[in-house]
J.: 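Below you'll find the structure I mean.
Just so you know, these numbers use all the heavy atoms, side chains as well, and skip hydrogens, waters and symmetry mates.
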Amino acid sequence: MNHALSYSDRLDATFAALSDPTRRAILARLANGEVSVMDLAKPFSMSQPAISKHLKVLERAGLISGIKDAQKRLRKIEAKPLEEATEWLENYRKFWEVKFNQLDSLIEELKLSKQTSPKRKNKKGE
């Protein structure tokens, strides 16, 4: 991962990398441990160069890294960019949680006021 990038640039790279379903599927496979490039490519109906392009995007975002293991080219997931994205999203989850709690309180208040308010008579005086 390029640590010279700003926090904002790192988030941009992370979310851009995560925007593609193939890259998300690759990350899901890597969440179970190190996997060779050949094994990563197996479930996808695309060429080796296309898979390599996806891996490069994930590597540039710092989401995966390469490991040399004899003849195999292994990839592993890197947690830091996902941790930063989760922390960023958590701020918005907290924001919306507060808003929803306020809305719940307002709804309860309206329900109570409706239950305790005197019933109106209709125009005929009934």
J.: Counting C-beta onward and ignoring hydrogens, is there a side-chain heavy-atom pair between L18 and L82 closer than 4.5 Å?
T.: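 Yes; the side chains approach each other to less than 4.5 Å.
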
J.: I need the R93 CZ to L89 CG distance, nearest 0.5 Å.
T.: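 It comes to 10.5 Å.
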
J.: Hey, does L58 have a side-chain heavy atom less than 4.5 Å from the side chain of I77?
T.: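 No; the side chains remain at least 4.5 Å from each other.
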
J.: Should I67 and E34 be marked as a side chain to side chain contact (heavy atoms under 4.5 Å, CB included) after you check the CA-CA gap, both sets of side-chain angles, and the distance that decides it?
T.: CA-CA 9 Å; I67 304 167; E34 300 165 359; 3.2 Å; yes

J.: Inspect the contact between E59 and K56 and indicate whether a charged nitrogen and a carboxylate oxygen are less than 4.0 angstrom apart.
T.: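 No salt bridge links K56 with E59.
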
J.: Got a sec, which residues hit side-chain hydrogen bond (donor to acceptor under 3.5 Å, both in side chains) with E87, two or more places apart in sequence or on another chain?
T.: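 Partners of E87 by the side-chain hydrogen bond (donor to acceptor under 3.5 Å, both in side chains) criterion come out as none, since no residue qualifies.
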
J.: I'd like to know if the side chain of R23 reaches the main chain of V57, judged simply by a donor and an acceptor atom lying under 3.5 Å from each other, with no hydrogens or angles considered.
T.: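 The answer is no, because no donor-acceptor pair under 3.5 Å joins these two groups.
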
J.: Just so I know, are the side chains of W96 and N101 near enough to count as touching, which here means a heavy-atom distance under 4.5 Å?
T.: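 No, side chains not in contact.
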
J.: Side chains of M38 and Q48: does their closest heavy-atom pair fall under 4.5 Å?
T.: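 Result yes, sub-4.5 Å side-chain heavy-atom pair found.
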
J.: Hey, what do you get for NZ (K80) to OG1 (T14), rounding to the nearest 0.5 Å?
T.: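 Answer for the NZ-OG1 pair, K80 versus T14, is 11.0 Å.
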
J.: Under 4.0 Å between a Lys/Arg side-chain N and an Asp/Glu carboxylate O for E97 and K94?
T.: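 No, E97 and K94 are not salt-bridged.
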
J.: I need the L103 CG to E108 CD distance, nearest 0.5 Å.
T.: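 L103 CG to E108 CD: 10.5 Å, rounded to 0.5 Å.
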
J.: Counting only heavy atoms not in F95, do more than 12 fall under 6.0 Å of its CZ?
T.: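 Counting other residues, nucleotides and ligands, CZ of F95 exceeds 12 neighbours.
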
J.: With sequence neighbours excluded, tell me which residues meet ring-ring contact (aromatic ring centres under 6.0 Å, His included) with Y92.
T.: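 Listed in chain order: W88.
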
J.: Just so I know, are the side chains of E83 and T86 near enough to count as touching, which here means a heavy-atom distance under 4.5 Å?
T.: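 A side-chain contact under 4.5 Å is absent here.
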
J.: Nearest 0.5 angstrom please: K72 NZ to S36 OG, how far?
T.: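 Between atom NZ of K72 and atom OG of S36 there are 6.0 Å.
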
J.: List the residues meeting side-chain contact (heavy atoms from CB on, under 4.5 Å) with L40, not counting sequence neighbours, and say none if there are none.
T.: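 Checked L40 against side-chain contact (heavy atoms from CB on, under 4.5 Å); matches are I26, R29, L30, V35, L55, R75.
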
J.: What closest approach, in Å, do A17 and A61 show between heavy atoms, and which atom pair accounts for it?
T.: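 The pair with the smallest heavy-atom distance is CB-CB, 3.9 Å.
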
J.: Decide whether F15 and Y7 are clustered together by the hydrophobic rule: side chain heavy atoms of Ile, Leu, Val, Met, Phe, Trp, Tyr closer than 4.5 Å, transitively.
T.: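 Yes, F15 connects to Y7 through the hydrophobic network.
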
J.: Does any part of the side chain of I107, heavy atoms only, come nearer than 4.5 Å to the side chain of L110, both counted from C-beta?
T.: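 The answer is no, as the side chains (C-beta and beyond) never meet within the 4.5 Å cut-off.
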
J.: Where is the tightest heavy-atom contact between A41 and I51, given as atom of each residue plus distance?
T.: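 Between these two residues, the closest heavy atoms are CB-CG1, 3.9 Å.
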
J.: Check whether more than 12 heavy atoms from other residues, nucleotides or ligands sit under 6.0 Å from atom CE of M46, and answer yes or no.
T.: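 Counting other residues, nucleotides and ligands, CE of M46 exceeds 12 neighbours.
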
J.: Would you say L74 ends up clustered with F44 if hydrophobic residues are merged whenever their side chains have heavy atoms under 4.5 Å apart, either directly or through other cluster members?
T.: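 No; L74 is not reachable from F44 via cluster members.
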
J.: Find out whether S105 and Q102 are in side-chain contact, i.e. whether some heavy atom of one side chain is under 4.5 Å from a heavy atom of the other.
T.: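 Side-chain contact under 4.5 Å: no.
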
J.: Could you tell me whether E109 atom CD has more than 12 heavy atoms of other residues or ligands within 6.0 Å of it?
T.: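 Incorrect, the count does not exceed 12.
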
J.: Could you go through the side chain to side chain contact (heavy atoms under 4.5 Å, CB included) check for V37 and R73 one step at a time?
T.: CA-CA 6 Å; V37 173; R73 294 182 308 158; 3.7 Å; yes

